[in-house]
There are 2 protein chains.
Amino acid sequence: MMSPQVTLKTISKYTGFSVTTVSRALTGYNDVAKETREIILAAANKLGYYPNLTARQLQKQRNDTIGLILPTYGPRFNDPYFSELIAGIGNQLSNFGMSLLLSVQAPGPDEISAYRHMVEGKRVDGLIVVRTRNEDERIKYLLTTSLPFVVFGRSNIGTSFNFIDEDGEAGVYELTEYLISLGHKRIGFISAPFNLMFANYRLEGYRKALIDHGIDFNLQYVYEGDLTRKGGELGAKKLLSLAEKPTAILASNDLMALSAMSSAQEIGLTIGKDLSIAGFDDIPPSDVFSLTTLRQPIYHIGCLLSSMLYKLIQNETLDEPQVLLKPQLIIRNSTGERLVD
Amino acid sequence: MMSPQVTLKTISKYTGFSVTTVSRALTGYNDVAKETREIILAAANKLGYYPNLTARQLQKQRNDTIGLILPTYGPRFNDPYFSELIAGIGNQLSNFGMSLLLSVQAPGPDEISAYRHMVEGKRVDGLIVVRTRNEDERIKYLLTTSLPFVVFGRSNIGTSFNFIDEDGEAGVYELTEYLISLGHKRIGFISAPFNLMFANYRLEGYRKALIDHGIDFNLQYVYEGDLTRKGGELGAKKLLSLAEKPTAILASNDLMALSAMSSAQEIGLTIGKDLSIAGFDDIPPSDVFSLTTLRQPIYHIGCLLSSMLYKLIQNETLDEPQVLLKPQLIIRNSTGERLVD
DNA sequence: GAATTTATCCGAAACGTTTCGGATAAATTC
DNA sequence: GAATTTATCCGAAACGTTTCGGATAAATTC
């Protein structure tokens, strides 16, 4: 089936030089005569030689590969940005001549096995962890190994590690403050599931902004959504059925915000007038529907993650081992001055 | 840095049995005494042995890995479904104990190099090609190798190959016919870039449905969009500025449809009444905005691609080497009977 | 009880690289 | 012209597995 493999040995036999010399000629050592090198290069070219990467990896004890395990459930999971994150990671990686080994494994008992497989099977030189959770066991595990890794997101595990995260708290604080400046006092919040770290930071930004401006933080105005359309819809319905209805609603991601927007419209509210709505992510359709939101530079974060990890693998020290990026507030028409009540 | 590697040799020294016996005990050969096996297993356990996958790969000439190269440009590329596709591919793959090596490489001169790297560097047992183009050179290249591969999408290269594709033509045909049945006669079409294969199939479904129902196919009503918000907006503007305005607009993807929807609303049109709009993909926000569309089972397609490729790698023959899946028409409120004109 | 079978084990080679530590012959030095 | 340096090359070992083809001793057969 496979065309017969052309190896160093093939070239060695073909040219009469030893495998050592062929190897050294091909990898550019300077103890090979110019003429010899040319002969060998010509032969390699003619025979169609391409180094066997697996053999090289075994010998060099280096894979030039990093791992990423997507913590994802079945179809229709809510990660509008995994593609973009992967694009950032992958593009940057190829600048370093490295590749990405990707697995998909839903959180659960098999998840750590997937990590062990990559780490202890020595398949990767480093790992990227995404979507951090409370007491994140993946990070705890990796800390017990000596493998370099970087994390997208923070976790409350008591030990420090290298990470990049968006500053969800600062972002939502700014957004909430902006809504308050528009006159809003009753602001609803549709949160992400509380076991996800980012959910807490975003909620905290909201809470702090309220308090700092003398507004009570009232759990009645907080709904724990599931990041999907359904969550936004249920959240909006619940919040809008309160006796004292909110005049603005923040959602922890754009999909829920868009869905809340649509629900509110259905009961006759005009968005940006009767009710202000804002989200988080800036997914492409948000632009279309003029949703005020916070933009995370996901692609850029992917690039940064790769660069950090690459430095760690090269045994360089990071000058910034923990990076917090402030999301950018994008003001559009879904938010406006409080008019009602 | 790295904790000292525990290899078969370590266990061999520790237990006094040869490396051969240790290997055979660990991989379950039946020519090892039960007692011996137990001693070896206990030692492996105690020492924390995990087989070095790279070494195994080299020896077995098998990587248990397949490759996928994402043909993607910088940030904000328009592939709402790459995450979902990858989730499908990856989940299915892990059922087979295989992993996914992923690269990101924009179409262009370096793209084939990325393929050569995986193929000729013997890093993968098979490949998946996505987002097919006219005269797709990636497929042409892979056909010159003996490596198994499957393609998501078709291409006009004159040689047959294994693929799965959604039947865009049949889907759009059905959708167009549906619009015609609602009384629409002037139907605009916002297409994807013509160099992408799927663009042509979708356009063709539209064209055929018109012709079959005695409606002229008029290029004036076709706009070549870029799959982004901008494309939908420009398409809608152009089509709605025609002397004889369309009463319905089809877009080649949901993002352009949603954007067209928003543009039309801005100039005072009521969607589903004054103007019907439909898309293709069924991305999550489409549900929110009640967009009529065609749903592709992307996750399922990912699973199928993995299964097909796995069979090929096992040297089994495919009973269905070329699969065409009909997308499902999802009728929502963005389409309705022709009222105007 | 000799011949055969069976259970258990292992040495050596192989997968395709890289690299250490020379070896050899030519060139240079004094 | 002997001693030293330099240019060029290579054998062997190693990375950590798997597997071929036995070897040995015990068990079984007749």
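To find a chain, count down the sequence lines: A is the first, B the second, and so on, and within it residues start at 1. All heavy atoms count here, side chains included; hydrogens, waters and symmetry mates do not. As the structure is a prediction and not an experimental result, all values here were calculated from the model.
Remark: the backbone N or O of Y29(B) is not paired with any side-chain donor or acceptor of R24(B) at under 3.5 angstrom. Panel note: side chain S307(A), backbone C303(A); a donor-acceptor pair is recorded below 3.5 Å. S306(A) contributes no side-chain N or O that, together with a main-chain N or O of L304(A), makes up a donor-acceptor pair within less than 3.5 Å. At distances below 3.5 Å, not a single donor-acceptor pair connects side-chain atoms of N91(A) with backbone N or O atoms of G88(A). Using a distance-only test at 3.5 Å, with no hydrogens or angles considered, no donor-acceptor pair links the side chain of T21(B) to the main chain of F17(B).
Atom-to-atom, CG of D64(B) to C1' of dT18(D) comes out at 14 Å; the value is rounded to the nearest Å. In this entry the distance linking CG of D31(A) with C1' of dC20(C) reads 12 Å, nearest Å. Note: CZ (F17(B)) to P (dT8(C)) measures 11 Å, nearest angstrom. Between the CD atom of E35(B) and the P atom of dA26(D) there is a distance of 15 Å, rounded to whole Å. The distance from atom CD of Q57(B) to atom C1' of dG16(D) is 12 Å, rounded to the nearest whole Å. Taking atom NZ of K13(B) as the reference point, atom P of dC10(C) lies 15 Å away to the nearest angstrom. Between K34(B) atom NZ and dC9(C) atom P the separation is 13 Å, expressed in whole Å. Rounded to a whole Å, the CZ atom of R56(B) is 5 Å from the P atom of dT18(D).
Considering only side-chain N and O atoms, T20(A) lies nowhere under 4.0 angstrom from the phosphate OP1 or OP2 of dC9(D). Proximity of Y29(A) to the phosphate of dC20(C): no side-chain N or O atom is located under 4.0 Å from OP1 or OP2. Y49(B) has a side-chain polar atom (N or O) that falls below the 4.0 Å cut-off from OP1 or OP2 of dT17(D). For Q61(B), a side-chain nitrogen or oxygen approaches OP1 or OP2 of dG16(C) to under 4.0 Å. Between S18(B) and dC9(C) there is no side-chain N or O to OP1 or OP2 distance below 4.0 Å. The phosphate of dT18(D) (OP1 or OP2) has a side-chain N or O of S23(B) nearer than 4.0 angstrom. At the phosphate of dG16(C), OP1 or OP2 sits under 4.0 Å from a side-chain N or O atom of Q5(A).
Comparing dC9(D), dC20(D), dC15(C) against the side chain of T36(A) picks out dC9(D) as the nearest. Closest contact between the side chain of L58(A) and the listed nucleotides dT17(D), dG16(C), dT8(D) involves dG16(C). Among the nucleotides dT17(C), dT18(C), dT8(D), the one closest to the side chain of A33(A) is dT8(D). With distances taken from any side-chain atom of V19(B) to the nucleotides dT17(C), dC9(C), dT18(D), the minimum falls on dT18(D). Listed nucleotides: dT18(C), dT19(D), dC9(C). Nearest to the side chain of K60(B): dT19(D).
In this structure, Y310(B) and F96(B) have parallel ring planes: the angle between them is below the 30° cut-off, well short of the 60° mark. The aromatic rings of Y50(B) and H117(A) sit perpendicular to each other, their planes meeting at more than 60°, with 30° as the lower class boundary. Aromatic ring orientation, Y115(A) versus Y141(A): perpendicular (interplanar angle above 60°, classes split at 30° and 60°).
The residue T54(B) sits apart from the nucleic acid: no heavy atom pair falls under 4.0 Å. Nucleic acid contact class of N52(B) (heavy atoms, under 4.0 Å, all strands): sugar-phosphate only. Heavy atoms of G121(A) sit nowhere under 4.0 angstrom from any nucleic acid atom.
The environment of CG in N30(A) is sparse: at most 12 heavy-atom neighbours from other residues, nucleotides or ligands sit within 6.0 Å.
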Secondary-structure notation, DNA chain C, from Watson-Crick and G-U pairs under 3.5 angstrom (| other strand): ||||||||||||||||||||||||||||||
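Nucleotides of DNA chain C nearest to N30(B) and Q59(A) differ in position, and the one nearer the 5' end is that of N30(B).
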